[in-house]
Asks: 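If you scroll down you'll find the structure; I have some questions about it.
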Amino acid sequence: MSASLSMPSLVQHHLRVTGMTCATCATRIEKALAKLPDVQAVSVNLATEEAIVSTAATLQPAVLAEAVRAAGYDVETRTTELQIGGMSCASCVSRLEKALLKVPGVLSATVNLATEKARIESVTSISYATLAAAVEAAGYTASPVAQAQPSAPPLHRRPEWWPVLVSALMTLPLVVPMVLQVLGYHWMLSGEWQLALATPVQFWLGWRFYVAGWKALKARAGNMDLLVALGTSAAYGLSVYMLLQQAGAGMPHLYFEASTAVITLVLLGKWLEHRAKRQTADAIRALNALRPTIARVWIDGQEIDTPVEQLSLSDVVVVRPGERIPVDGEVLEGQSEVDESLITGESRPAPKSPGQTVTGGAMNGAGLLRVRTTAIGTETTLARIIRMVESAQAAKAPIQRIVDRVSAVFVPVVLLIAAATFTGWMLVSGSWETAILNAVAVLVIACPCALGLATPTSIMAGTGVAARHGILIKDASALEVAHAVTAAAFDKTGTLTEGKPSLTTLIAAEGLDEADVLKLAAALQQTSEHPLAHAVLERADALSLDVPGVRDATALPGRGIQGVVGNEVFALGSARLMTERGADGGLLQSHAQQLEAEGQTVSWLLRGQGNEWEVLGVLAFGDSIKKASFAAIKRLQALGIKTVMLTGDNRGSAQAVARSLGIDDVRAELLPGDKASIVQSLRDQGHVVAMVGDGLNDAPSLVAADVGLGMSTGTDVAMEAAGITLMRGDPRLVADAFDVSRRTYSKIKQGLFWAFAYNALGIPLAAFGMLNPVVAGAAMAFSSVSVVANALLLRRWRGASAVQ
């Protein structure tokens, strides 16, 4: 065999596979992976749930993950965040993402210029050192996000603006004579003095541009720093050449003021941009500031100061008046009012008494509270809110992908235009001095920074201000989709109504006692968290009834509940349940119809004997409509959004609520799957659909919608399924969410328009010799600052629901 032949380089991937139950599963996965053309060897271990796959280096791990999922299983992924240093423009983002995607095991890499963070999703456990090495090879620096959190600055640390000030002081003597000439005064520093002032600006204060530009060149790419370094070096070099050529022959026309002014203006722009970007992250800082570090734990009759991270579940914490509540918990003793405005957006303090819940980070009022801890660490409401906001701000909106593609070729195109400008002016004018200056203007005015900042800064500002008003947006996609919603579907109970129904009517079948019917209904409802269950149990408790136990209780989604009481099987639920069981409502049917016509929710109590079921009684519940629902529906209709109500409740109750609110369309007596089907049918009709719900049975429709909005007053499942979480049970927040989305998307489009406009207008003007390099530098600096400043205007937004 020829010695020149060699085996291709192999990479070993370790995948954590979920969903396997037996050896057959492992075999199936091995076969699925072995079919891939570049896979050399596969081994799947059922005990460790690990698949080891040897592949050609060119095979992407995403292909392996897709093969496993196609076989009916899933691959566990890991997310790593890095703080990135040294980025200057959108071209840097593109280069970094490409570098990280080349690391074996990386599924996706998202780099955010505004937050200066990289989020890497991988199918294998990749060490920090490996990822950092890839970042540094691309010309940037990496540090763990945990270590990159802002801390108190050193006492003798120089302020961030000092390079701008020093550069400006050295540049002013070079620029002032230009201004004086316009006013008729002729004064100019000698060439030697100009060189003395310009050199430290160029090679000391401007050294950062050379370093970053050189790193970009080594990575065979380009960025804004490379353009600035090339442009200012050309102006500086031309001035030095002319000064040496004409030494002793009078004062030549030098361009030191151009190179120093450009560096000064770019430094000023970067400083202003950095300050503005910090302001877009104010929401995260404000939320982090809510976290107390010390809690007073009540132990054996005394208060012990304890670090919050050392608390355990069920610890009793003492919260004094005027203090922040350190944990999520349940009030055991005390009465007070709690300000939760920075968490829920609710402007009025909420009264708290024993049995009610409080949220960590909220401010206690005038009363002393003793609170039993129910959530700690990353499971607290505040921690989850911070994670959601950080996730949304780090994510990349779909529209950003277009910008990334443009940015990837931006710098090379600008370099070509600058070269063409130089060549063209040399041919036209024959003056290489003019040709260099116009080429410099092209290099300096080109600004990929504004392109890279337009989308992330708007998203950061939009998600931040939304969070302060009780609207948590999980990801950038939800924010981008919400602006285009044309149909909003609502669940009824707990979303449009108070979700606290009361038992208004109970009618027992002939020959039965109402108290016995209520006992049986309460027995079935003991295991349920449904609002109707609470109403039944509250009535039974109020009458001091002796409620029997229940066995084998089973929830019947969209229908009710079934269980064994004593030795008999009972069921409690909707008219659909009664029909499916073949029971006859008899004389109670007319009463039920009358109650439904009055807008009440009706449940039927059934007893089963083999395949035969009989009706034991009818329970009717009344649930008042939230006052805010009326304004919410009107606002949505004013925005041109179709309103739909989807409920599992009876038709009479649903239509009564819909008539009161003026809802456009109502669908009743639905199962969870029915809701999802209706949402899909609305999408098929061309609507962009938002689903608003708070219950477990709303999860399928929340997922089926283009964007789901979950009420935090409901179940965790609904919040997890939703792309947007409303921290108050106020339906007016729905319109607020759409409004902040529309305004944010508008800012994104404005930012991108101005970013493209600056370049589309500025580069041709510079190429045709109509822009001085100093003016070009000012325009470039202003473009980034203006785009970020425009995004910051979102911080003034205030939802209509906040106006009480």
Side-chain angles (χ1 to χ4, degrees), residues 493 497 499-624 647-654 656 668-669 671:
T493 305
T497 65
K500 297 178 180 177
S502 58
L503 180 58
T504 59
T505 305
L506 190 154
I507 305 174
E510 187 176 355
L512 295 176
D513 184 77
E514 289 184 1
D516 291 334
V517 171
L518 182 57
K519 284 181 184 179
L520 290 169
L524 290 172
Q525 299 285 33
Q526 288 177 101
T527 60
S528 175
E529 290 297 321
H530 195 281
L532 298 184
H534 292 297
V536 171
L537 293 170
E538 284 176 6
R539 174 62 65 88
D541 185 58
L543 296 176
S544 301
L545 297 180
D546 185 15
V547 178
V550 63
R551 292 180 288 110
D552 301 328
T554 305
L556 307 172
R559 296 169 176 84
I561 191 167
Q562 177 177 311
V564 178
V565 180
N567 294 317
E568 295 182 296
V569 179
F570 296 89
L572 179 67
S574 64
R576 179 194 290 267
L577 176 65
M578 182 181 69
T579 303
E580 289 178 353
R581 297 297 163 90
D584 182 6
L587 296 175
L588 296 179
Q589 191 70 51
S590 59
H591 291 292
Q593 290 173 351
Q594 178 62 35
L595 291 168
E596 289 180 356
E598 294 171 359
Q600 297 194 53
T601 300
V602 171
S603 290
W604 297 82
L605 179 64
L606 311 176
R607 177 169 58 194
Q609 295 177 343
N611 293 326
E612 300 294 326
W613 291 81
E614 64 174 324
V615 174
L616 301 184
V618 169
L619 293 80
F621 304 86
D623 188 9
S624 58
T647 179
D649 208 344
N650 64 74
R651 192 170 303 280
S653 175
E669 300 176 2
L671 298 176

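Everything numeric here is computed off the predicted structure, so don't read it as measured data.
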Asks: To the nearest 0.5 angstrom, please state how far the CD atom of Gln600 sits from the OG1 atom of Thr504.
Replies: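 Here the rounded value is 3.5 Å.
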Asks: Could you tell me if the side chain of Arg651 sits less than 4.5 Å from the side chain of Glu596, heavy atoms only?
Replies: no
Asks: What pair of heavy atoms forms the shortest contact from Leu537 to Ala522, and how long is it?
Replies: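 It is CD2-O, 3.4 Å.
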Asks: So, taking the atom named CG in Leu512 and the one named CD1 in Ile507, what distance separates them when rounded to the nearest 0.5 Å?
Replies: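 Here the interatomic distance stands at 13.0 Å.
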Asks: Is the closest side-chain heavy-atom distance between Val618 and Trp604 below 4.5 Å?
Replies: yes
Asks: Between Leu616 and Asp516, is there a side-chain heavy-atom distance shorter than 4.5 Å?
Replies: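 SC-SC contact between Asp516 and Leu616 ruled out.
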Asks: Does some side-chain heavy atom of Thr601 sit less than 4.5 Å from a side-chain heavy atom of Thr493?
Replies: no
Asks: Closest heavy-atom contact between Thr527 and Ala553?
Replies: OG1-CB, 3.4 Å
Asks: If you round to the nearest 0.5 Å, how far is CG of Leu503 from CG of Leu532?
Replies: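 Output value for this atom pair is 9.5 Å.
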Asks: At their closest point, which heavy atom of Val565 faces which heavy atom of Ala523, and how far apart are they?
Replies: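 That would be CG2-CB, 3.9 Å.
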Asks: Within the side chain of Arg559, is there an N or O that forms a donor-acceptor pair under 3.5 Å with the backbone of Leu572?
Replies: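 Absent.
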Asks: Decide if atom CG of Asn611 counts as having more than 12 heavy atoms of other residues, nucleotides or ligands within a radius under 6.0 Å.
Replies: no
Asks: With rounding to the nearest 0.5 Å, note down the distance linking NZ in Lys500 to CD in Glu538.
Replies: 9.5 Å
Asks: Enter the distance from Leu556:CG to Ser574:OG here, rounded to the nearest 0.5 Å.
Replies: 9.0 Å
Asks: What closest approach, in Å, do Ala620 and Leu595 show between heavy atoms, and which atom pair accounts for it?
Replies: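 Answer, listing the atom of Ala620 first, then Leu595: CB-CD1, 3.6 Å.
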Asks: For Ala571 versus Trp613, what's the shortest heavy-atom pair and its separation?
Replies: CB-CZ3, 3.9 Å
Asks: NE2/His591 to OG1/Thr505 distance, rounded to the nearest 0.5 angstrom?
Replies: 10.5 Å
Asks: Kindly check if the number of other-residue, nucleotide or ligand heavy atoms within 6.0 Å of CG (Leu543) is above 12?
Replies: yes
Asks: Nearest heavy-atom pair of Arg539 and Leu518: which atoms, and what distance?
Replies: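 It is CG-CD2, 3.5 Å.
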Asks: Going by heavy atoms in the side chains, are Asp584 and Val615 under 4.5 Å from each other?
Replies: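 No, too far: nothing below the 4.5 Å cut-off.
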Asks: Could you walk me through whether Leu605 and Leu524 pass the side chain to side chain contact (heavy atoms under 4.5 Å, CB included) check?
Replies: CA-CA 10 Å; Leu605 179 64; Leu524 290 172; 3.9 Å; yes
Asks: What I'd like to find out is whether the side chain of Arg551 reaches to under 4.5 Å of the side chain of Val569, using heavy atoms alone.
Replies: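 Answer no - side chains too far apart.
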